[in-house]
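Okay, so here's the structure we're looking at.
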Amino acid sequence: MTTVSNDQLVAMLRAMMRIRCSEESLAKRYPEGEMRTPTHFSIGQEAMAVGVCAALKQDDVIYSGHRCHAHYLAQGGSLLGMVGELYGREIGCARGRGGSVHLNSPEVGVMASAAIMGETIAVAVGSAMAFAMDRSPRVAVTFFGDGCVEEGIFHESLNFAVVKKLPVLFVCENNFYSVNSPLRLRQPPDLAIHTRATSYGLPAQQVDGNDVVAVYEAATTAVHHLRAGNGPYFLEGLTYRWREHVGPLFDTDQGVRSQRELDFWMEQCPIKRASARAQASGACTELDLRRWWKEFGQEIDAVVEQVRNSPFPKPENILDGTY
Amino acid sequence: MTTVSNDQLVAMLRAMMRIRCSEESLAKRYPEGEMRTPTHFSIGQEAMAVGVCAALKQDDVIYSGHRCHAHYLAQGGSLLGMVGELYGREIGCARGRGGSVHLNSPEVGVMASAAIMGETIAVAVGSAMAFAMDRSPRVAVTFFGDGCVEEGIFHESLNFAVVKKLPVLFVCENNFYSVNSPLRLRQPPDLAIHTRATSYGLPAQQVDGNDVVAVYEAATTAVHHLRAGNGPYFLEGLTYRWREHVGPLFDTDQGVRSQRELDFWMEQCPIKRASARAQASGACTELDLRRWWKEFGQEIDAVVEQVRNSPFPKPENILDGTY
Amino acid sequence: MRRLKYWQAISEGLVQCMEKDASIFIAGGGVDDPRGIFGTTLEAHKRFGAERVFDIPNCENAFTGVALGSAAVGKRPVVVHARNDFMFLAADQLINLAAKWKYMFGGRTSVPVLFRGIVGRGWGQGATHSQSTHSMFAHFPGLYVATPAFPDDAKGLIVTALRGHTPVILLENRACYELEGDVPEEMVPVQFGKARVLREGRDITIVGASLMAYEALRASDILRECGVSAEVLDPRSIRPLDRETIVASVRKTGRLVVADTSWSLYGFAAEVAALAAEEAWDYLKAPVRRVTPLDCPAPVSKVLEEAFHPSPSTIAQACLSVVKAEAALEKSVGDVQERFRGPY
Amino acid sequence: MRRLKYWQAISEGLVQCMEKDASIFIAGGGVDDPRGIFGTTLEAHKRFGAERVFDIPNCENAFTGVALGSAAVGKRPVVVHARNDFMFLAADQLINLAAKWKYMFGGRTSVPVLFRGIVGRGWGQGATHSQSTHSMFAHFPGLYVATPAFPDDAKGLIVTALRGHTPVILLENRACYELEGDVPEEMVPVQFGKARVLREGRDITIVGASLMAYEALRASDILRECGVSAEVLDPRSIRPLDRETIVASVRKTGRLVVADTSWSLYGFAAEVAALAAEEAWDYLKAPVRRVTPLDCPAPVSKVLEEAFHPSPSTIAQACLSVVKAEAALEKSVGDVQERFRGPY
Ligand SMILES: Cc1ncc(C[n+]2csc(CCOP(=O)(O)OP(=O)(O)O)c2C)c(N)n1
Ligand SMILES: Cc1ncc(C[n+]2csc(CCOP(=O)(O)OP(=O)(O)O)c2C)c(N)n1
Ligand SMILES: [Mg+2]
Ligand SMILES: [Mg+2]
């Protein structure tokens with residue numbers, strides 16, 4: 001059934017492991033108080049980022065929201081730039097001005113991530129419009145959460161993209177929560193999110209968001225559709241965030257999300273599943289996995305070390321970049 | 001097939017005639033330059049206003065947008081208050097502060113009309129929420145155009161109303177234009193507006209918006225649904241405005257709407273159709289009709305006369321009502 | 001009198017008002033969650049339940065309209081924005097509808113909604129989570145805009161808002177949340193448009209809005225040590241603005257420094273300086289100075305964030321430069337923020 | 001030099017820029033319709049067709065984002081709002097994203113979109129169709145905000161905007177549309193942040209923004225008849241604001257009246273008055289005065305509308321009260337609006 005080669009699978013698995021390993025390491029260090037920026041970890045949701053970005057080319061562009069680490073890294077944003085940003089250093093991808101929620105790396109097509117819900121949905125549509133005007137094969141992707149579907153801008157953006165037939169892929173990471181509000185109290189119950197998109201007449205599909213191969217395949221179909229000039233495409237992936245909404249801790253003791261729910265989803269860990277699949281198909285061994293974890297552990301340690309030794313921005317340059 | 005009595009039919013027919021007659025008369029006088037307020041005539045669209053309001057009770061509330069004359073009058077707003085407002089007099093329903101687009105008459109449930117697209121969609125939902133909180137049988141209605149469906153607030157409002165199961169009736173008067181922009185260039189082609197609502201899981205229905213009986217029947221069904229506590233309802237009526245978007249003139253010479261299109265719709269005149277039906281069912285005679293036109297003609301003439309003899313607001317009271 | 005923290009005073013004000021008036025409800029993202037908006041809605045939720053304290057979907061613009069529409073038929077909503085920056089999404093409903101409702105509908109009806117917005121300063125919250133929007137909203141007639149810095153004012157303004165007929169925007173600075181003050185147990189309303197003289201002085205008037213009222217008070221301590229007697233005013237509401245008290249003070253001291261959490265240009269500091277130019281121009285003994293965030297978006301990195309926001313030291317420094325005291329200020333006073341590490 | 005009307009100058013500026021730069025496009029409700037935004041987009045539409053001049057659905061907020069996203073990958077959009085009041089719906093994208101983009105993304109990228117908003121004064125357009133939003137937007141660092149009153153400035157500022165790297169909000173007052181002026185045929189850029197001295201004078205400085213620059217000039221005619229020599233300044237852009245030219249003039253004349261189309265509180269008039277308090281306090285011979293719309297929403301009825309807006313007469317009157325000339329102004333000068341009867 002699967003169309004991915006072993007090489008592709010390994011590449012995606014390694015990408016997810018690298019993201020996970022980096023974020024876990026940062027989460028562990030977060031309480032040290034040196035990363036002074038509200039941080040929304042992607043832990044548990046890596047498959048959406050990696051599966052979609054694997055279907056893209058280097059000159060495509062992606063946009064993200066507040067939970068942007070995985071997207072930024074999956075599309076090739078530098079780990080140094082990200083860690084630098086979290087530590088508020090000049091070496092950060094936003095020179096310490098933006099923080100965890102404003103990761104960007106235009107060199108590799110990570111155009112912008114923004115903390116206000118829904119903003120970058122419209123912005124991605126705009127990049128797609130530019131591509132369409134230039135009759136370029138480039139596509140734009142926007143990653144957003146289930147909570148953003150409630151914002152008016154989501155609908156305005158869908159409508160516009162459909163009317164103008166733009167090459168934009170809407171990727172909704174449905175993790176069932178908006179901060180502490182469960183999805184079923186915020187949207188019509190029993191109506192999957194992707195059906196909202198259908199009413200605009202664009203192809204919309206729900207996918208197992210913790211199965212990186214399924215995500216990749218759906219995204220590949222979607223991107224073909226976009227490049228062929230058939231207009232926008234909508235992808236909803238079901239997934240789950242493991243940590244609290246913002247910050248490094250677990251929150252199952254808070255009375256909102258149950259340990260049982262978390263356990264269920266940890267069982268569905270995208271990395272665990274991809275690892276099993278890769279081992280089963282002979283793409284890698286248990287030993288490889290252990291080696292890679294170590295590799296990424298060393299990488300993030302080295303990067304953190306480098307960042308902590310790098311300078312803060314200079315207060316006298318505070319106005320730089322305003323205009 | 002029809003459920004309306006002859007009395008009801010006559011009442012609705014007369015209501016439409018009164019609105020038409022008043023507006024035609026105002027349109028004729030408009031070039032005199034005494035009504036200094038941008039005015040969006042409802043001429044041609046009276047059936048939606050009258051059919052829906054006929055299904056309401058006195059303590060229900062309605063909200064409208066910029067094209068609000070018919071709604072205001074159909075729900076029982078005073079003609080004097082409306083004409084007074086157009087002429088900028090203290091006797092106007094908004095004391096000359098609001099103008100043609102801000103008609104209101106809280107005494108009869110015309111809570112507000114507003115010139116910014118989509119605003120009152122959300123506001124009506126809010127009144128419905130208050131009614132639901134009070135376990136009151138009252139309902140709220142919001143009238144808006146096809147253009148408002150593109151605004152994010154429309155979707156936010158639908159979603160909220162469904163999630164909270166509120167007694168609000170969404171009435172979209174689809175006249176196929178937003179100023180000079182045709183619907184097909186603004187929304188996904190081949191997807192009727194009411195299907196957009198279906199994706200939120202609320203009952204949605206399209207109706208012949210120039211057939212006042214059909215509108216009344218659909219509205220009656222809808223209002224029953226609301227009062228039974230079943231949540232919101234969506235009604236789309238197909239209709240057409242005869243005059244230019246704003247102002248008293250015809251605009252078929254402007255290169256946007258064709259004379260043929262207008263002719264087609266004038267043939268579908270809601271008053272003509274209701275008149276024919278009333279005569280056919282013996283509810284009224286040709287002579288009655290002529291008598292009524294005259295009656296309403298005299299009424300509006302008298303009202304205009306009264307208004308023109310009434311005082312302007314006093315400049316020294318200009319701040320009144322700010323707080 | 002008991003001492004309460006700012007967030008406790010807000011909570012108490014809400015609860016007491018809700019007890020007295022069944023038409024009041026509280027809504028907004030997270031008002032019913034375990035954190036209860038920094039604790040301010042926890043007690044109300046416990047006491048009045050999900051019917052009167054409820055979460056909403058993410059729809060800032062529509063929900064503003066919803067609140068107005070419920071107020072139009074008799075409810076008294078309290079709408080909470082965990083960050084006041086989200087209110088830009090509701091700017092149309094707030095400015096084009098709420099502010100104008102009473103006037104443009106002829107003065108017969110009003111929509112008394114209380115909009116709470118929290119200024120999320122601290123811990124690198126950055127460009128879109130730590131702005132102060134009060135100056136922007138106060139530009140538009142029809143709204144009341146209040147910026148309480150002290151617990152009793154927060155409570156008292158809430159009491160007034162929930163009895164009045166005007167839509168109110170109440171901006172709370174998160175940095176004030178842990179500050180304590182005397183708060184009357186009863187519901188003592190604080191009038192809109194009445195400034196509070198936090199300290200009397202002779203040499204210079206410092207007007208500080210929101211958190212800067214508190215910081216101005218701390219600056220006046222420093223100034224006292226330098227031999228400068230500062231009069232410190234907190235406008236409490238910036239629309240209506242208590243012109244009289246401000247002008248009287250400036251006429252008395254002949255000097256004015258305005259401190260604010262919103263930007264200088266076209267902001268609160270500009271307005272107060274303008275008052276001096278209009279009503280106290282011939283009393284001025286020195287140039288007016290504004291102490292505000294720098295003219296850039298709020299940066300994240302700690303070193304930049306510190307440089308960005310005004311502090312007691314920068315306020316005192318500005319005052320010294322105005323009174324031309326020779327000694328440059330040696331001591332730097334950290335801001336109230338220093339211990340904040342979340343939750344955000 | 002040819003004389004062009006304001007709307008013609010805008011049209012010419014757009015067309016010439018589009019000829020030179022294929023990345024420029026114009027979008028907004030009605031830009032391609034027979035009226036072409038009071039004629040300003042007709043020629044561009046004729047010349048460049050539907051690919052580069054196109055209508056959009058009603059989605060102010062999303063389309064602002066669309067424009068930013070196209071700019072991020074190399075386009076130069078011109079977004080038109082037939083009424084600047086509609087921009088409240090786009091406030092989030094404008095203030096939280098456009099204004100902060102360059103800064104919060106580290107300074108490497110920018111989103112140079114030109115947002116045109118028209119202030120729809122005249123014919124009782126009322127509370128939500130005749131506000132001026134420039135003071136509000138100019139409060140926020142990261143945007144440029146321009147308010148041209150004259151045809152050549154309108155054209156020149158457009159030229160600069162479409163060559164620069166900054167998102168620009170250009171507010172055009174509809175009452176200026178039929179005014180004529182000399183306009184260079186070439187593309188002569190007008191710098192942001194450079195005020196224009198419309199008339200030199202000795203006794204008083206009048207600073208007028210947008211339409212009020214024109215009205216201030218007419219006021220100075222009246223004043224001349226009364227023996228008062230007024231210096232008239234038009235800031236042209238209010239962010240950046242040319243502090244130097246304003247301060248120099250106030251220091252010279254010792255008197256200041258500020259006229260504006262936006263409200264007084266926390267508005268342009270406050271900012272300029274504040275400048276005087278900061279930089280010219282010891283030169284002032286009289287109180288500063290602001291002449292602005294009254295502190296209520298814009299009313300509709302003609303008698304109220306006339307009382308609401310500043311006019312040459314009210315500006316002149318304010319100046320006379322400041323210079324303490326005894327003679328009360330007899331002559332009242334109608335505003336430029338008088339002949340307007342639509343189209344709106
Ligand atoms: C317009 C706006 N409203 C509220 C917030 C506060 N907020 C930040 S993240 C968030 C929840 C987002 O939920 P979702 O889109 O599902 O993303 P997730 O956090 O689950 O990844 C909220 C309400 C915001 N940032 N922007
Ligand atoms: C938010 C907003 N954008 C634009 C406008 C300008 N405008 C006034 S009416 C209108 C068209 C409305 O179309 P529709 O909703 O279909 O109502 P109709 O005029 O056809 O009755 C537009 C674009 C506005 N008033 N508000
Ligand atoms: Mg979520
Ligand atoms: Mg329409």
Side-chain angles (χ1 to χ4, degrees), chain B residues 61 63 81 85 90 92-99 101-107 109 111-134 136 138 140 142 151-161 163-164 166 168 317 319-323, chain C residues 22-23 25 27 51-52 54-77 79 89-113 140-144 164-168 192-193 239-240:
Chain B
V61 299
Y63 289 89
E85 198 54 37
E90 186 70 25
C93 61
R95 299 184 59 202
R97 269 75 172 170
V101 290
H102 292 122
L103 301 186
N104 74 103
S105 178
E107 309 79 32
M111 301 307 289
S113 320
I116 301 291
M117 293 169 70
E119 269 180 0
T120 51
I121 301 179
V123 179
V125 171
S127 292
M129 183 175 80
F131 300 154
M133 290 173 93
D134 293 344
S136 146
R138 298 169 73 186
T142 175
E151 294 283 359
I153 196 168
F154 167 71
H155 300 273
E156 294 183 355
S157 301
L158 276 190
N159 185 62
F160 190 85
V163 166
K164 301 279 181 190
L166 303 178
V168 55
N317 297 333
L319 298 180
D320 281 13
T322 307
Y323 286 101
Chain C
S23 70
F25 66 85
E51 281 261 319
R52 292 180 65 193
F54 55 87
D55 196 25
I56 58 168
N58 298 296
C59 55
E60 286 79 2
N61 198 31
F63 193 74
T64 305
V66 168
L68 298 178
S70 73
V73 296
K75 294 290 174 197
R76 283 195 169 275
V79 179
L89 282 162
D92 178 69
Q93 289 278 345
L94 291 168
I95 297 171
N96 271 336
L97 197 54
K100 296 165 175 53
W101 184 290
K102 185 167 182 187
Y103 191 83
M104 76 183 176
F105 295 132
R108 283 170 302 174
T109 55
S110 55
V111 280
V113 181
F140 297 94
L143 298 172
Y144 281 171
H165 298 285
T166 304
V168 172
F192 289 92
R239 177 178 269 276

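Computation of the quantities below employed the complete heavy-atom set of this structure, encompassing side-chain atoms and omitting hydrogens, waters and symmetry-equivalent molecules. Throughout, a chain's letter reflects where its sequence line sits, starting with A, and its residues are numbered from 1. As the structure is a prediction and not an experimental result, all values here were calculated from the model.
- When each of B/N159, B/V123, B/V125 is checked for heavy-atom pairs under 4.5 Å with chain C, B/V123 comes out on top.
- With a 4.5 Å cut-off on non-hydrogen atoms, B/L319 touches chain C through its backbone but not through its side chain.
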Sequence neighbours excluded and cut-off under 3.5 Å, please list the side-chain donor-acceptor pairs for residues 102-110 of chain C, or say none.
unit_1: C/K102; atom_1: NZ; unit_2: B/Y323; atom_2: O; d: 2.9
unit_1: C/Y103; atom_1: OH; unit_2: B/I318; atom_2: O; d: 2.7
unit_1: C/R108; atom_1: NH1; unit_2: B/E107; atom_2: OE2; d: 2.8
unit_1: C/R108; atom_1: NH2; unit_2: B/C93; atom_2: O; d: 2.6
unit_1: C/R108; atom_1: NH2; unit_2: B/N104; atom_2: O; d: 3.4
unit_1: C/R108; atom_1: NH2; unit_2: B/N104; atom_2: OD1; d: 3.0
unit_1: C/T109; atom_1: OG1; unit_2: C/W101; atom_2: NE1; d: 2.9

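- For a residue to count as touching a neighbouring chain, one of its non-hydrogen atoms must lie under 4.5 Å from one of that chain's; by this rule B/F131 touches chain C with the side chain only.
- Residue with the most contacts toward chain B among C/H165, C/E60, C/R239, C/R52: C/R239 (heavy-atom pairs, distance under 4.5 Å).
- Here the shortest heavy-atom pairing between B/A94 and B/H102 reads CB-O, 4.2 Å.
- With a 4.5 Å cut-off on non-hydrogen atoms, B/A124 does not touch chain C at all.
- Counting only residues at least two apart or on different chains, the side chain to side chain donor-acceptor pair (under 3.5 Å) pairs with a member in residues 119-130 of chain B are B/Y63-B/S127.
- Residues C/P77 and C/P112 approach most closely at CD-O, 4.1 Å, considering heavy atoms.
- Between C/T64 and C/A90, the shortest heavy-atom distance links the atoms OG1-CB, 3.2 Å.
- When the candidates B/I121, B/L166, B/I116 are compared by the number of heavy-atom contacts under 4.5 Å with chain C, B/I116 comes out ahead.
- Note: C/F63 and C/F54 have perpendicular aromatic rings, judged against thresholds of 30 and 60 degrees for the angle between ring planes.
- Proximity to chain C involves both the backbone and the side chain of B/M111, based on heavy atoms less than 4.5 angstrom apart.
- For the set B/G152, B/A130, B/G92, the entry with the most heavy-atom pairs within less than 4.5 Å of chain C is B/A130.
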